[in-house]
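Worksheet: the structure to be examined is printed underneath.
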Amino acid sequence: MASSPDCASSNCSRVFLTHEPSLAGNVVFLALFAVLIPFTLALGIKYKSSIFATAVAAGLALEVVGYVGRVLLNNDPIDRSDFILFLIGTILGPTLICGAVFLIMPKVVVVYGEEYRSWRPVWYSFLFYALTALSLTLELAGGLVSTIRDDPGQTNPGVHVLVAGLAIQLIALLIFVGHAILFAIAVHTRHHTLDVKFAGIYNSGSFKAFLCALALTTLLLILRTAYRIVVIAEGYGSSIAQSEVLLLILDGLMVLLATLLLLVFFPGRILRDSWSQPSTQKFPKTPLRPIRPAPYELPSTRNSPTFNPTSVKFSPANYSPRKFHQVPPNPQRSMVDSEALW
């Protein structure tokens, strides 16, 4: 990084931006992200999706912090503290939104039926929660280390850690896409009966639109994460990192559109009762043995008022060993052996 000859404070010994950020563009994104926070929390309360809504709202709040730092950089582009606000806010915010997206897939599985899931719910939750937590930790640590020091020997490890955190987030998104593809294949190929309990959901047009919105949201977040990996790997002083147009489009706009899709097609509203349905139902490892019916006693015909003993005739002359000979049942008691049925 170049040094600023006009900066008298040691706090400004590195120049992270070589231009003044656009005040209007950054204020617009700041305002939009801030306005979406109360709407997100209100939807979470209304549709009983507090965890999902809290994760999205926290991500939006971090985006607001990031763009506050960006607006402050308009007055002083070489201020280290403002750049740290911008970097940490815009890096961690989308990670929390990705974590909220990961909460949706188990609920979609519940709608169609647990028979179609490709992973056990406990493994799904453990994997994505662990990847999200690890990504957040590495991004925070890498972002701080790469900005609070001036010596490249001390900042380069921070850059590498930050790139690793973003790479883990990208890997988690790609695993999520792979899991969704496997689930879609299972729905179309496995010969299971769909759960009629939620037939009104998966047969509705809004649910199909919700699935398309979820796919587009994931794609937008993948594009944004890939862009930030390239920016951080190239360095804060690279041309791609200094391009504000690319930042506002490939980062700010991608995250904004992804969040809008999540709110317009809010999962708690589309999935309704299935959203509160537990997705950790345990199934036996071996299939259950079929239940055999108990022996059934045929009613006796001797006690019937229409029974006529003289009408029952048996002629030995008609017997032939080549013909099927049926032994008449015992008139006293006739049992159907259930073992013969299996």
Side-chain angles (χ1 to χ4, degrees), residues 50-66 69 83-109 117-149 154-183 214 217-236 241 250-251 254-255 258-259 262 267 279-280:
S50 57
I51 298 178
F52 175 83
T54 301
V56 175
L60 292 173
L62 285 171
E63 287 285 347
V64 170
V65 171
F83 184 83
I84 292 176
L85 283 179
F86 153 69
L87 181 68
I88 299 300
T90 57
I91 289 289
L92 298 184
T95 304
L96 289 177
I97 296 176
C98 289
V101 171
F102 297 152
L103 297 174
I104 299 176
M105 195 63 198
K107 306 303 180 181
V108 176
V109 174
R117 58 180 173 82
S118 56
W119 288 356
R120 293 184 180 275
V122 62
W123 285 110
Y124 176 94
S125 301
F126 173 78
L127 176 65
F128 285 104
Y129 292 166
L131 289 177
T132 302
L134 181 60
S135 177
L136 285 170
T137 303
L138 294 178
E139 288 170 357
L140 178 60
L144 292 175
V145 173
S146 64
T147 53
I148 62 177
R149 298 293 183 180
Q154 296 176 336
T155 59
N156 288 337
V159 172
H160 296 158
V161 171
L162 179 54
V163 171
L166 289 169
I168 291 174
Q169 180 184 343
L170 182 60
I171 291 173
L173 287 168
L174 293 177
I175 294 175
F176 177 78
V177 172
H179 176 65
I181 292 175
L182 290 177
F183 175 73
L214 178 60
T217 297
T218 307
L219 177 60
L220 293 173
L221 292 174
I222 289 175
L223 291 176
R224 173 263 164 196
T225 306
Y227 162 74
R228 291 308 289 264
I229 290 176
V230 174
V231 168
I232 302 301
E234 289 291 326
Y236 299 131
L250 295 180
D251 188 278
M254 296 297 103
V255 177
T259 307
L262 291 176
S279 57
T280 57

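Counting only heavy atoms from C-beta outward, the side chains of T218 and F102 never approach each other to under 4.5 Å. Side-chain contact check for T90 versus R228: some heavy-atom pair is nearer than 4.5 Å. Side-chain atoms of L127 and W123, non-hydrogen and from C-beta on, never get closer than 4.5 Å to each other. Side-chain contact between L103 and I51 is present, with heavy atoms from C-beta onward closer than 4.5 Å. For the pair R224/L166, a side-chain contact is recorded, criterion being any heavy-atom separation below 4.5 Å from C-beta on. Looking at heavy atoms from C-beta onward, V177 lies in side-chain contact with I222 at the 4.5 angstrom threshold.
Between Y236 and F83, the angle of the ring planes goes over 60°, which puts this pair in the perpendicular group of the 30/60° scheme. In this pair, Y124 and H179 present their aromatic rings tilted. The plane angle is within the 30 to 60° band.
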Legend entry - T132 and L136: CA distance, side-chain angles, deciding distance, side chain to side chain contact (heavy atoms under 4.5 Å, CB included) verdict: CA-CA 6 Å; T132 302; L136 285 170; 4.3 Å; yes

Legend entry - Test log, rule side chain to side chain contact (heavy atoms under 4.5 Å, CB included), inputs V65 and I88: CA-CA 8 Å; V65 171; I88 299 300; over 6 Å; no

Inset, instruction - Verify side chain to side chain contact (heavy atoms under 4.5 Å, CB included) between V231 and D251, making sure each step is shown before the conclusion. - result: CA-CA 11 Å; V231 168; D251 188 278; over 6 Å; no

Legend entry - Audit row: T217, V101, side chain to side chain contact (heavy atoms under 4.5 Å, CB included) steps and yes/no: CA-CA 9 Å; T217 297; V101 171; 4.2 Å; yes

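Distance check: L87 CG to L144 CG gives 8.5 Å after rounding to the nearest 0.5 Å. Considering CD of Q169 and CG of L131, their distance stands at 10.5 Å, rounded to 0.5 Å. F128 contributes atom CZ, which lies 6.0 Å from atom CD1 of I175 (distance to the nearest 0.5 angstrom). The CG atom of L221 sits 4.0 Å away from atom SG of C98, with the distance rounded to the nearest 0.5 Å. How far CG of L62 is from CG of L96: 6.0 Å, rounded to the nearest 0.5 Å. To the nearest 0.5 angstrom, E139 atom CD is 9.5 Å from L134 atom CG.
When all heavy atoms are compared, the tightest approach of I91 to T95 is O-OG1, 3.2 Å. The nearest pair of heavy atoms linking V163 to A233 is CG2-N, 4.0 Å. Of all the heavy atoms in G158 and S146, the pair that sits closest is C-CB, 3.8 Å. I97 approaches V56 most closely through the heavy-atom pair CG1-O, 4.3 Å. G235 approaches A241 most closely through the heavy-atom pair O-CB, 3.3 Å.
Partners of Y227 under the ring pair (Phe, Tyr, Trp, His ring centres under 6.0 Å) rule, at least two apart in sequence or in another chain, do not exist in this structure.
Side-chain atoms of S135 come within 3.5 Å of backbone N or O of G165 as a donor-acceptor pair.
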